[in-house]
Every structure is written in C-alpha cells, then in structure tokens.
Amino acid sequence: MKPFGSLRTHGAGTLRPSDDGTDVVLAGWVARRRDHGGVAFLDLRDASGSVQVVADAGEGEADEVLAAAHGVRSEWVVSVRGRVRTRPEGMANPALATGEVEVAASELEVLSVAQTPPFPIEGRVEADEHLRLAHRYLDLRRPGVGEAIRTRARITSVMREVMERNGFLDVETPMLTRSTPEGARDFLVPSRLQRGEFYALPQSPQLFKQLLMVAGLERYYQIVRCFRDEDLRADRQPEFTQLDIEASFITAEDLYGLVEELIVELWSEVLDVELSAPFARMTYAEAMARYGTDAPDCRFDLRLVDLGEVFRGTEVGIFRGALDAGGSVVGWRLPGGGELTRKQFDDWVEFAKRRGAKGLAWGVVEAGEGGGAPTLRSPLAKFMADDEVTALLAATGAGVGDALFFGAGPTRSTQQLMGALRVAAAKAHGFVPEDRWAFTWVLEAPLVEWNDDEGRWDPVHHPFTSPTEDSLATLEQAPGAALAQAYDLVLNGTELGGGSIRIHRRDVQERVFALLGIGEAEAREKFGFLLDGLSYGAPPHGGIAFGLDRIAMLMAGAGSLRDVIAFPKTQSGQDPLTGAPAAVDDAQLREVGLRRLPPS
RNA sequence: GGACCUGUGGAGCAGCCUGGAGUGCUCACCUCCCUGUCAAGGAGGAGGUCGCGGGUUCAAAUCCCGUCAGGUCCGCCA
C-alpha cells in the first residue's frame, strides 16, 4: 500500500520480494544501525514496519551514503532513496516481514536528528511507567505499545460500522452539563458567565440519551468520553470512553441480539476469532451464589458451593454462628490443593484477612485408612461429624488430594470473599485458560439494595431502571426482592458493559422515587428536565453502555487501561507528560469567581 | 482513608535480610577498529545526591521513623 504523503513512495514494512528492482523513496526513523565500516545497515522504521537499508562501499555516490550512514544515530529521522533487491543467498531474516529484501541506498538525507531517548525504543525491556508516560510520544513509538492504540482504532471503526448498519444515529451530547447527585463524584467546571455556578463533566450521557428517545430519534449511539472523579485502578481512569446505545420500542432481547452481533463482528474483524452466539446467560443471584461476584470469570468452572444444607446441624462453631445469624457457609474446591504447604494455606488465610474477612477455614481430603471413606484433614475436622464430611465431599465433588476452603458469615460478603479467592487461587494454580473468551450475560439484578450507612434503599443501576413486570406488583412490600430489567455483559471476569430497560411511565417512576426516598421536590430539582421530557409521550426504551477502554484492553491483551489510552493518567490522577493537573494563576480564578483555600 | 510492593550512573537489574571504600551484571552513550549484519562484533572511555528528609551508629544504599513518586489491591466507583 502506498503511504500517504509525497515525501516517500512506499511504506518500509510493506516491501516484499515482488518489489525486487523497484526504485523507492522511504522515510522514517532509524531503529538500529549495524556499522561494519565498509558496509553499514540501517533498520528504517515507519508506521508500516521496518526494512533493512544497506549502505555499501563503492563508487562516488555510494561512498557518500556510507559516510552519511556512519553518522546517523538511533531515532534520527531520515529519508532514503534506493532500489529494492532480494537479499543474497543465506542472508534473509525470516523473523522480519521484510526479511527477504533490503534497500540498497543511493541517497541518505537526515531530516531530523534526535537526542538519545530516555529509554530504549527498540529494546524488549519494560521501562519505568512514569518515565514512559512523561515521554509518551516515545513510548508510543515502540512497536508493541503503538499496536494497542491501532487495535483500539480498529475496534471503534468496527463499532461504528455495525451501529450504522443497524440504523443507529451518532448524536453528540454535552460535555458541559449539570451535576446530578447519582453515582460517582463529578468533575466540576466553574462558569465565568454565571459566576459561582458550575458545570459538571458527564459521568455518562444517560439522561440525554433518554431524552433523545422522547425526541423520537429511536436509535442512538455515541462513542463518548465520560468522567468520574473517583480513585483509579488498573481498569479505571478518571476519563474513559463508552460505546453508548439507546433504542426505542425494544425489549431486552432485541438489545442482546444487537450486542452479540457487534461483539461477534469485533472479535472476527479485529482478532480473527469466531465466537459463537448467543452468549451464556445467568441471573445475578446465580452469579453471586456460584461465583461470588456480579462479574463472573467463566473461563474455568470450579464454582462456589453453598454448604448451608450440609452444615445445618453442625457443631463447628464458626459455621453454626454464621448460619444462626442468617448468613451462609460457602465452600470452594481447589483440585490437587492437598499439595499446598502449611505456609501456602496460611497465605490464603492472610489473603482473606486483608479483604476484611475474620478468617478462612481449609481442609485437605485424604484417603481413608484401610480403603475406608476419605477423611478431611483440617483444623476444623474434629468438630465435624462423619456424615457431615460425607455430605461435604458429595456437595463439593472433592476427592482425595483436593483442598477445600470455607468461608462463613453474612451471605453477601462471604460470597464475595470466596469469589475473590476462587479467582486468585485458580490463577495462582494455573486453572485459568488464558486463551478463552468466556462471555456471559448477567441478568435480573436487584432493583435496589439497602444502604445501611444511610438507612435507605439505593438503586443498584440507576433510578430510571425499570423493575420487571412481576416485581412491580410487590415493589413496596418487598423492595429488596424486586428485580430490575437490567443486564450486564461480562467477559472473563470483567464487566464490559451494562444497561437496562428504562421506566417510561410516570406512575412507575414516581413509585421508584418514593421507594428511594426521593421526594417530589427533590426529584424536580435534580431530574426535572428528564421527568418533564418523559411526560410528553415517552416511548418504551432501553439501552446499554460499554467500556471501550476495557474492551480494547482485553482485545489487545493489555494489563491496564493505560496501555490502550494514548495519554493516560497515573493512579494519582496526574499526567506526567503535561503535568496536569496544575495550579492556575489568581487572575484565572478571579474570572470564574473562585478563591484559593489555604492548604489543609 | 487503608494494606502491600517498588525507587541504586541514561535504561533494566543485582547488592539491602546479616551495616564496613559507589562494589557488580546487561543494554544504551562517546572515541577508535571492522565489507553481510539483523539484539552485529572487538578495543578503550565517560557517566552516581543509592527518590527526599531526619534518626541510630565509630561507620548507612543496607537498620529505624517520616515523606514524595510509581504500581497492585481494599474502601470508593457501574
């Protein structure tokens, strides 16, 4: 493919034996120089790849090129005129796409010299991340790093293709909007024209996309930046990108179909992986019970087992106490875990304690004496009746040589602890196949959950999520049992996206607000514009939003969102390249009506 | 807000536990040599606030306290 721009005729990485004899002009960076005195090799790199350029001793021009080649250094930008030739017998390099050819240079022009880079561009060693981010333009020049950014571009391109093909309209929504109280902390932007008041950067275009449905656009999508002022993680940045989707006159099933079409095409086009759809589905309750999380990693089985029945009449104190208090005993089997040392078991107990658990019990299944029934070697064994051990082994499927872990306590936190253990221990012991793509829908999350600190019901998703038809009847009587018409798509233990069918009826919205303790005045103050909109003939509608960065991270095989964002922030929310965030001068503050507080 | 890991010439590491001269390795950089390399090779050279501050000690990269920065996680966040 001919490169864009008239300063060169070919991309360095595109040359093949079929180009033998072609006169070319290349331009790019000097990746490496191998200087033998009488002959010198330059690896010339551009966005298409790299190719070997040869400067040979000879007559006239050639000697000038060789002299110039002696002087160039890594990362200088050069232009080379020359002729493609197949390499001499035995000199091909099968490790390179261009390894069968080379370019015999007849002219070598230095377009730009370069300082020695602060870390190697071509080396395989990982440089310190802070240093990489401070010189991100050099970091992105490194082939592997830049590749993730290219993969991301391919992903957004396929997303747009699929959405456009399905008749969705790309509509932009405001970046400067108003702060709404739900969810995460807002980033605030002071207003100069309305001194003392603030815009907020959107956490998502949620309310706007619903209003676009009221407006009759029917099918909306946007690849849109969102902002949340919360602490960072490997998979959380303060600004991130969503593929945001909303449609009218649809059911959840319609969305599953669309999303599966999109995901299948993404994996096919970008990774050349053929997924099979429809994806697996499970309920939220199943996810919590079997995997201890709402984002289960289904690449491996090894599920959690509820042991409430097994230990119904137990003498084991910690199990007794948990069950009597209405909590749970949850077990998990580690195949072959009998090999673990005491130290390793202690480490997992420590792992549990670091997560706030009181403890973690464990046992090892051993062969019974004289071929008798298997027994459990465990600090708890002496409190366990024989029939409990038998039932335990049956319930968990544990056999001789396996280890069992037990968590006991309040149901939710115990499931979560065991879920975290399941993932960490399975990873540590090689039970997670890294090459699998395990998609699953998690459906029917609760509509609300009890917030003990504040003494109220909080929405699990957001306050505009529709309850299921069945839940509507008993919404006020049993709020905790109400299910939402909500759905999350999970891949390998990471939530890729989630959404819901929205409430489009005023009376239902009022009942949900009442349940959440949001009075009419408060609702009007906070979401008045949405409620107004919904009162003018809102179609049934619903949508979903995907974390583009997370999708790109998983597809690129990256370990962090930072790897798929061109200019990311560090864990403390700083950008080492620009130095953001930074102080502003008093005049700027005065203009927007702000005054600096003394440092606290 | 909290836990843990890391910080040593330009880069990546070792040294730290058990204190004793800035000691070592690989790469990069500079000079020279070299006509088939591809992580070229050879000879020579330059380059250090051991993140920063304080303490203990005759003596601190090493032990202690604090702090800053980076990372992973919990809380927070859908």
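Throughout, a chain's letter reflects where its sequence line sits, starting with A, and its residues are numbered from 1. Side-chain atoms are counted along with the backbone in the values below, which use heavy atoms only and exclude waters and symmetry mates.
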Undergrad: Partners of A:Arg32 by salt bridge (Lys or Arg N to Asp or Glu O under 4.0 Å), sequence neighbours excluded?
TA: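 Partners of A:Arg32 under the salt bridge (Lys or Arg N to Asp or Glu O under 4.0 Å) test: A:Glu122.
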Undergrad: For A:Trp76, which residues count as a ring-ring contact (aromatic ring centres under 6.0 Å, His included) partner, sequence neighbours excluded?
TA: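 Checked A:Trp76 against ring-ring contact (aromatic ring centres under 6.0 Å, His included); zero matches.
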Undergrad: Do any of residues 279-299 of chain A sit with a heavy atom less than 4.0 Å from RNA chain B, and if so which?
TA: A:Asp294
Undergrad: Could you check whether any side-chain N or O of A:Arg178 sits under 3.5 Å from a backbone N or O of A:Ala200, counting only pairs where one atom can act as donor and the other as acceptor?
TA: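 No; zero donor-acceptor contacts below 3.5 Å.
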Undergrad: Could you tell me which residues satisfy ring-ring contact (aromatic ring centres under 6.0 Å, His included) with A:Tyr487, sequence neighbours excluded, listed by chain and number?
TA: A:Tyr256
Undergrad: Please evaluate residues A:Phe431 and A:His429 with respect to the criterion ring-ring contact (aromatic ring centres under 6.0 Å, His included), reporting the C-alpha separation (whole Å), side-chain torsions for both, the decisive distance (0.1 Å), and the verdict.
TA: CA-CA 6 Å; A:Phe431 288 108; A:His429 293 97; 7.2 Å; no
Undergrad: In residues 48-56 of chain A, which residues come under 4.0 Å of RNA chain B by heavy atom?
TA: A:Gln52, A:Asp56
Undergrad: Sequence neighbours excluded and cut-off under 3.5 Å, please list the side-chain donor-acceptor pairs for residues 556-563 of chain A, or say none.
TA:
unit_1: A:Ser560; atom_1: OG; unit_2: A:Arg562; atom_2: N; d: 2.9
unit_1: A:Arg562; atom_1: NE; unit_2: A:Glu129; atom_2: OE2; d: 2.4
unit_1: A:Arg562; atom_1: NH2; unit_2: A:Glu129; atom_2: OE1; d: 3.4

Undergrad: For nucleotides 73-76 of chain B, print each protein N/O atom paired with a nucleotide N/O atom at under 3.5 Å, atom names and distance only.
TA:
unit_1: B:rC73; atom_1: OP2; unit_2: A:Ala234; atom_2: N; d: 3.3
unit_1: B:rC74; atom_1: OP2; unit_2: A:Arg233; atom_2: NE; d: 3.2
unit_1: B:rC74; atom_1: N4; unit_2: A:Arg233; atom_2: NH2; d: 3.4
unit_1: B:rG75; atom_1: N7; unit_2: A:Arg233; atom_2: NH2; d: 2.7
unit_1: B:rG75; atom_1: O6; unit_2: A:Arg233; atom_2: NH1; d: 2.8
unit_1: B:rG75; atom_1: O6; unit_2: A:Arg233; atom_2: NH2; d: 2.9
unit_1: B:rG75; atom_1: N1; unit_2: A:Asp231; atom_2: OD2; d: 2.6
unit_1: B:rG75; atom_1: N2; unit_2: A:Asp231; atom_2: OD2; d: 3.2
unit_1: B:rC76; atom_1: O2'; unit_2: A:Glu230; atom_2: OE1; d: 2.6
unit_1: B:rC76; atom_1: O2; unit_2: A:Arg236; atom_2: NH2; d: 3.1
unit_1: B:rC76; atom_1: N3; unit_2: A:Arg236; atom_2: NH1; d: 3.2
unit_1: B:rC76; atom_1: N3; unit_2: A:Arg236; atom_2: NH2; d: 2.7
unit_1: B:rC76; atom_1: N4; unit_2: A:Arg236; atom_2: NH1; d: 3.0

Undergrad: Between A:Phe119 and A:Gly99, name the one whose nearest nucleotide on RNA chain B is closer to the 5' end.
TA: A:Phe119
Undergrad: Determine whether more than 12 heavy atoms belonging to other residues, nucleotides or ligands lie under 6.0 Å from atom OH of A:Tyr199.
TA: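 For A:Tyr199, atom OH is not crowded (no more than 12 foreign heavy atoms under 6.0 Å).
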Undergrad: Roughly how many Å is it from CD in A:Glu129 to P in B:rA11, rounded to a whole number?
TA: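 It works out to 16 Å between those atoms.
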Undergrad: How would you list, by chain and number, every residue that makes a side chain to side chain donor-acceptor pair (under 3.5 Å) with A:Arg152, sequence neighbours excluded?
TA: A:Thr241, A:Asp549
Undergrad: Flag yes if more than 12 heavy atoms outside A:Glu100 fall under 6.0 Å of its CD atom; otherwise flag no.
TA: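 No, not enclosed.
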Undergrad: Listing request: all salt bridge (charged side-chain N to carboxylate O under 4.0 Å, His left out) pairs with a residue in residues 345-354 of chain A, at least two apart in sequence or in separate chains.
TA: A:Arg342-A:Asp346, A:Lys343-A:Asp347
Undergrad: Choose from B:rU72, B:rA69, B:rA39 the nucleotide whose nearest atom is closest to any side-chain atom of A:Ser560.
TA: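 Nearest to the side chain of A:Ser560 among the choices is B:rU72.
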Undergrad: Considering only side-chain heavy atoms of A:Arg228, which listed nucleotide, B:rG36, B:rA78, B:rG12, is closest?
TA: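 When the side chain of A:Arg228 is considered, B:rA78 is the closest of B:rG36, B:rA78, B:rG12.
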Undergrad: Evaluate the ring planes of A:His135 and A:Tyr137, with Trp represented by its six-membered ring, and classify them as parallel (under 30°), tilted (30 to 60°) or perpendicular (over 60°).
TA: perpendicular
Undergrad: Just jot down the side chain to side chain donor-acceptor pair (under 3.5 Å) partners of A:Thr414, sequence neighbours excluded, or say none.
TA: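 Not a single residue meets the side chain to side chain donor-acceptor pair (under 3.5 Å) criterion with A:Thr414.
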Undergrad: Base, backbone or nothing for each nucleotide of nucleotides 40-45 of chain B, written B, S, -, heavy atoms under 4.0 angstrom, 5' to 3'?
TA: B-----
Undergrad: Identify each atom pair where a protein N or O and an N or O of nucleotides 66-68 of chain B are less than 3.5 Å apart, giving names and distance.
TA:
none

Undergrad: Around atom CZ of A:Arg132, are there more than 12 heavy atoms of other residues, nucleotides or ligands at under 6.0 Å?
TA: yes
